[in-house]
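When reading the values below, keep in mind they use all heavy atoms of this one structure, side chains included, and skip hydrogens, waters and symmetry mates. Order of the sequence lines fixes the chain letters, A, B, ..., with proteins taken first and strands second; residue numbering starts at 1 for each chain.
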Protein chains: 2
Amino acid sequence: MDTETVVASRADALRELETEVGVLIRRIRRVIGERARAVHPDLLPASYLMLSYVRDHGPLRASAMCAVFDIDKGAISRQVQHLIDLGLVDREPDPEDGRATLLSASEDGVRRLEVVADQRRHQLDARLADWPADELHAFAGSLRRYNDALGIPADR
Amino acid sequence: MDTETVVASRADALRELETEVGVLIRRIRRVIGERARAVHPDLLPASYLMLSYVRDHGPLRASAMCAVFDIDKGAISRQVQHLIDLGLVDREPDPEDGRATLLSASEDGVRRLEVVADQRRHQLDARLADWPADELHAFAGSLRRYNDALGIPADR
DNA sequence: CACAGAAAGTTGCCGTCGTCAACCAATCGC
DNA sequence: GCGATTGGTTGACGACGGCAACTTTCTGTG
């Protein structure tokens, strides 16, 4: 391949990527919506992701999630409030910093997540059933790398 | 690896994927927003993706985009209207079907997309500069496969 | 010790986006 | 021809995130 062909195929790949990601964004929102509803009928999709993260990453403060999810603190605040209203997350003051609060999944939250995880494990998520674990890992790795790349602000 | 480990790592990979995709959703929106504004200061992010698609896939009807983008026809209608208001897309009645209209990128639309593409090509998109073309293709392929998997409705 | 500023959260306002549903017009099938 | 279907538009609504103003609680420097 000469240089021009390489450049052209790069451009193609990037355009392809844009369209695929665009579709992904909308589809994944629906899927996450389903999953959230499975956990709790009133659980909002965005909150579901945070609940899952809070469960896995122990007591943490909301500002930590701002960084992880790369999201505005106002948005976090609302989602967290929603989770607390539903009783899926507990909030307690941080003993080491009077400004901060620590979030952790409530018993009910953990239990509900487990129920859904079991359901999914048993039916092995019909949609992704034929993806081997290592390919899933590789894909997740690519996604993370892509996300990292996107995290770098454009230099213009 | 025994069976349980495989199952566990599958579950891990799926959770990992969820978080990554969640981050992706927000970041990509910002990036696409930047890109849209580079094309035209008033161009909305979602419309930018459609403009790009219309340019590449010739005159087509709005309903075709519903299928491609997996999106409600009402949403398509609004985005298309927006593109027409900005003069980036032309709409003409389909000679073969009085109900339908055919969309194509206007001269201005094509020109503006090219300007931005040139900019990006010359700076080779700083953020993804170190991704070789074949890896981009592989990633796009995984994304499409993932999208296809998500397109299958959950069987519950 | 005091005081400027930074950090943690909360809240209101706003823009983007997509779904749902009602609706109109044109076309297709029988 | 006439009912059903398809292409498209519009309005109402909800989810979501960004921005900015504001409160409270540190933190650091003089």
NE2 (His40(B)) and NE2 (His82(B)) are apart, to the nearest 0.5 Å, by 8.0 Å
Among dC16(D), dG17(D), dC17(C), the one nearest any side-chain atom of Arg26(B) is dG17(D)
Whole-Å distance, Arg29(B) CZ to dC17(C) P, equals 8 Å
Rounded to whole Å, the CG-P distance (Leu102(A) to dA8(C)) equals 12 Å
* Asked: Taking side chain as C-beta onward, heavy atoms only, is Arg61(A) less than 4.5 Å from Asp97(A)?
  -> yes
Verify side-chain contact (heavy atoms from CB on, under 4.5 Å) between Val116(B) and Arg112(B), making sure each step is shown before the conclusion.
CA-CA 6 Å; Val116(B) 173; Arg112(B) 285 174 179 270; 5.9 Å; no
Rounding to 0.5 Å, atoms CD (Glu96(B)) and CG (Leu102(B)) come to a distance of 8.5 Å
Given the options Asp90(A), Leu86(A), Leu88(A), Asp108(A) meets side chain to side chain contact (heavy atoms under 4.5 Å, CB included) only with Leu88(A)
When rounded to whole Å, the CG to P distance for the pair Leu43(A) and dA15(D) reads 11 Å
A side-chain contact here means heavy atoms from C-beta on lying under 4.5 Å apart; do Met65(B) and Val54(B) qualify? yes
Could I get a table of every N or O pair under 3.5 Å where one atom is in the protein and the other is in nucleotides 3-5 of chain D?
none

| query | So what does Asp94(A) touch, heavy atoms closer than 4.0 Å: a base, only the sugar-phosphate, or nothing? | reply | nothing
One should read off an interatomic distance between Asp94(B) CG and Leu103(B) CG, to the nearest 0.5 angstrom, of 10.5 Å
So CD of Glu34(B) and CZ of Arg37(B): to nearest 0.5 Å the spacing works out to 7.0 Å
Atom CZ of Phe69(A) and atom P of dG18(D) are separated, to the nearest Å, by 13 Å
Hits for side-chain contact (heavy atoms from CB on, under 4.5 Å) against Thr101(B), two or more places apart or cross-chain, chain-then-number order -> Arg91(B)
(Q) Run the side-chain contact (heavy atoms from CB on, under 4.5 Å) test on Leu83(A) and Leu43(A) for me, step by step, so that the C-alpha distance in whole Å, both residues' side-chain angles and the decisive distance to 0.1 Å come before the verdict. (A) CA-CA 8 Å; Leu83(A) 286 168; Leu43(A) 181 59; 3.5 Å; yes
Output for pair (Ile76(B) CD1, Ile71(B) CD1), nearest 0.5 Å, gives 5.0 Å
To the nearest angstrom, the CG-P distance between Asp42(B) and dG15(C) comes to 13 Å
Ala100(B) has its side chain closest, among dC26(D), dG8(D), dC17(C), to dG8(D)
Within residues 71-82 of chain B, the residues having a heavy atom closer than 4.0 Å to DNA chain C are Ile71(B), Asp72(B), Ala75(B), Arg78(B), Gln79(B)
Ser52(B) vs Arg55(B), test: side-chain contact (heavy atoms from CB on, under 4.5 Å). Steps then yes/no. CA-CA 5 Å; Ser52(B) 177; Arg55(B) 193 243 342 231; 4.1 Å; yes
Whichever of Arg91(A) and Arg30(A) has the more 5' nearest nucleotide on DNA chain C, that residue is Arg91(A)
By side-chain contact (heavy atoms from CB on, under 4.5 Å), Val68(A) pairs with (sequence neighbours left out) Tyr53(A)
Taken to the nearest whole Å, CD1/Ile32(B) to P/dG18(D) is 15 Å
Practice item. Respond yes when some side-chain nitrogen or oxygen of Thr101(B) is under 4.0 Å from OP1 or OP2 of dG8(D), and no when none is. Key: yes
Nucleotide N/O to protein N/O under 3.5 Å, stretch nucleotides 3-5 of chain C:
none

From CG of Leu83(A) across to C1' of dC16(D) the rounded distance in Å is 14 Å
From CG of Asp70(B) across to P of dG18(C) the rounded distance in Å is 11 Å
The correct set of residues in residues 59-67 of chain B placing a heavy atom under 4.0 Å from DNA chain C is none
side-chain contact (heavy atoms from CB on, under 4.5 Å) evaluation trace for Arg30(B) with Asp70(A): CA-CA 11 Å; Arg30(B) 284 177 222 152; Asp70(A) 194 16; 2.8 Å; yes
